[in-house]
Amino acid sequence: MRTRIIGTGAARREVSSICLGALPFGTSVGEDDAYAILDRFVEAGGTFIDTADAYSFWVDGGRGGESEEVLGRWLAARDADVVVASKLGARPTEAGAGLEAAEGLSVRAVREAASGILERLGRSRVDLLYTHLEDRSVPLEETMSALADLVEEGAVGLLGASNHAAWRLERARAAAAAGGRAGYEVLQYRYSYLQPRFDVPLPESGHVHAGPELLDFAKSNGHTMLAYSPLLSGAYTRPDKALPAAYDHPGTARRLAALDEVAEETGATRNQVVVAWLQGLDQPVIPLVGASSVAQLDEVLEADDLKLTEDQRARLDAAR
């Protein structure tokens, strides 16, 4: 598998060009199946795995932390050389609650959440730690200082942000720079080939789509971009998975037609063309892909070898 460099300085890491999302592990994907998926990913050269302390509190019986617990046991059993990313801030503090009871990003919440993440992963250091969502009840300076403390203490390597407004990212950047301390270097947002309407909400609470302003911010500041939900939860290929209402506009039909045209020319699936398109953008994006079976993972892994021609990319980009 190809590789990418994320971050700068001593904490910079070389990672695989596809990141495996561990969201369903421990809830909708059992431990045996999770181990099989993780083993196959590493066997194929994968070195970048993503989780969060909130995964998956919304599943019946879920409380958050299940994914990290499974991943921690797998790491102990395999002693695999992988880069692990987790997120904090979104896990509810009350059983059965939603994001209205999220742990937040105060100094206390950050430190307690980070401690729990390390304990569940069975590690003394997490390679990449994201703030999972905004907490506007807390000054950005407080959050960024708490995160920088964790970096300086050696508990965290790189810092990242997910689902934040672009202007908030700039304020966070300025706050970190003013103090000469660690700041965000990796961004994780929803992004795919199909583009949603900006005036229709996505059905998944908390998801933030990467628009032109956010992508420009990432490129201008040299931040690595990860795209979650790049395959739209199977909607590209599964008839039983309808596209959300936000994608119900004329541009979707034109983009799907271009996607099918390129898929036929390359002999690839829609999903594989989408992954190849993301990896070949001017600001390359690392697809963060979840899988509930080894077969699903293999389809994505095969996309890493797919190279689109300039003409194919031009046709995909021109469809709007």
Side-chain angles (χ1 to χ4, degrees), residues 6-7 11 13-16 18-93 95 102-103 105 109-133 146-147 149-151 153-160 162 186 188 226 228 286 288-294 296-297:
I6 61 171
R13 296 297 301 270
E14 183 177 22
V15 299
S16 53
I18 293 173
C19 181
L20 177 64
L23 180 152
F25 297 168
T27 48
S28 56
V29 173
E31 191 151 333
D32 289 345
D33 289 336
Y35 276 40
I37 292 166
L38 288 161
D39 288 344
R40 174 67 184 117
F41 183 65
V42 170
E43 178 188 13
T47 60
F48 198 8
I49 302 171
D50 178 89
T51 185
D53 69 351
Y55 297 160
S56 296
F57 72 81
W58 56 89
V59 176
D60 286 345
R63 64 189 187 284
E66 292 89 351
S67 171
E68 292 172 330
E69 290 169 353
V70 170
L71 186 54
R73 289 191 288 271
W74 176 82
L75 288 166
R78 300 294 191 268
D79 194 28
D81 184 15
V82 292
V83 173
V84 177
S86 193
K87 313 178 198 72
L88 53 75
R91 188 182 189 189
T93 56
E103 61 198 357
L105 298 175
V110 166
R111 295 200 70 87
E112 289 182 354
S115 177
I117 287 170
L118 293 173
E119 181 178 356
R120 287 185 291 273
L121 291 176
R123 290 191 157 191
S124 60
R125 173 185 172 99
V126 62
D127 301 300
L128 168 59
L129 182 66
Y130 297 93
T131 47
H132 205 161
L133 75 182
L147 294 169
D149 285 346
L150 292 174
V151 172
E153 293 165 11
V156 173
L158 296 167
L159 297 174
S162 182
V186 184
Q188 184 182 135
L226 273 81
Y228 68 76
I286 298 177
L288 196 172
V289 182
S292 57
S293 69
V294 172
Q296 288 182 357
L297 177 62

Checklist line | Donor-acceptor under 3.5 Å (E103 side chain, P92 main chain) | finding: no

Note to self: For T51, is there any backbone N or O sitting under 3.5 Å from a side-chain donor or acceptor partner on K87?
What the structure shows: yes

Next item on the list: For R91 and G64, indicate whether the former's side chain and the latter's backbone hold a donor-acceptor pair under 3.5 Å.
Entry: yes

Checklist line | Taking every non-hydrogen atom, the tightest pair across I6 and L158 | finding: O-CD1, 3.7 Å

Check: So among T131, L128, V186, L147, which one has a side-chain contact (heavy atoms from CB on, under 4.5 Å) with L159?
Finding: L147

Next item on the list: Taking D127 for its side chain and V84 for its backbone only, find out whether a donor-acceptor pair lies under 3.5 Å.
Entry: yes

Item checked: Candidate pair F41 and I49, rule side-chain contact (heavy atoms from CB on, under 4.5 Å), full reasoning -> CA-CA 9 Å; F41 183 65; I49 302 171; 4.1 Å; yes

Next item on the list: Heavy atoms only: give me the nearest A22-S67 pair and the separation to one decimal.
Entry: O-OG, 2.7 Å

Check: Counting only heavy atoms not in E31, do more than 12 fall under 6.0 Å of its CD?
Finding: yes

Item checked: Min side-chain heavy-atom separation R73-Y35 under 4.5 Å -> yes

Next item on the list: Look up atom OG in S124 and atom CG in L118, then write down how far apart they are to the nearest 0.5 Å.
Entry: 7.5 Å

Check: Would you find a donor on one side and an acceptor on the other, under 3.5 Å apart, between the side chain of S56 and the backbone of W58?
Finding: no

Next item on the list: Might you point out which heavy atoms bring D53 and A113 nearest each other, and give the distance in Å?
Entry: OD2-CB, 3.8 Å

Notebook entry, point to check: Hey, mind stepping through R111 and E153 against salt bridge (charged side-chain N to carboxylate O under 4.0 Å, His left out) and telling me if it holds?
Noted result: CA-CA 12 Å; R111 295 200 70 87; E153 293 165 11; 2.9 Å; yes

Next item on the list: Please assess V82 against L38 for the test side-chain contact (heavy atoms from CB on, under 4.5 Å), listing each intermediate value before the final yes or no.
Entry: CA-CA 11 Å; V82 292; L38 288 161; over 6 Å; no

Next item on the list: Step by step, work out the side-chain contact (heavy atoms from CB on, under 4.5 Å) result for L71 and F25.
Entry: CA-CA 8 Å; L71 186 54; F25 297 168; 5.7 Å; no

Item checked: Non-hydrogen atoms of A52 and S86 that approach each other most closely -> CA-OG, 3.4 Å

Note to self: Run the side chain to side chain donor-acceptor pair (under 3.5 Å) test against D39 and tell me which residues pass, sequence neighbours left out.
What the structure shows: W74, R78

Check: Side-chain contact, heavy-atom cut-off 4.5 Å: Y130 with D50?
Finding: yes

Notebook entry, point to check: Looking at L133 and L105, what are the two nearest heavy atoms and their distance?
Noted result: O-CD1, 3.3 Å

Margin query: Between D81 and T47, is there a side-chain heavy-atom distance shorter than 4.5 Å?
Written below: no

Checklist line | Closest non-hydrogen atom pair, A34 against V70 | finding: CB-CG1, 3.9 Å

Item checked: Sole residue of E66, E68, E69 in salt bridge (charged side-chain N to carboxylate O under 4.0 Å, His left out) with R120 -> E68

Item checked: S16 (side chain) donor-acceptor with G45 (main chain) under 3.5 angstrom -> no

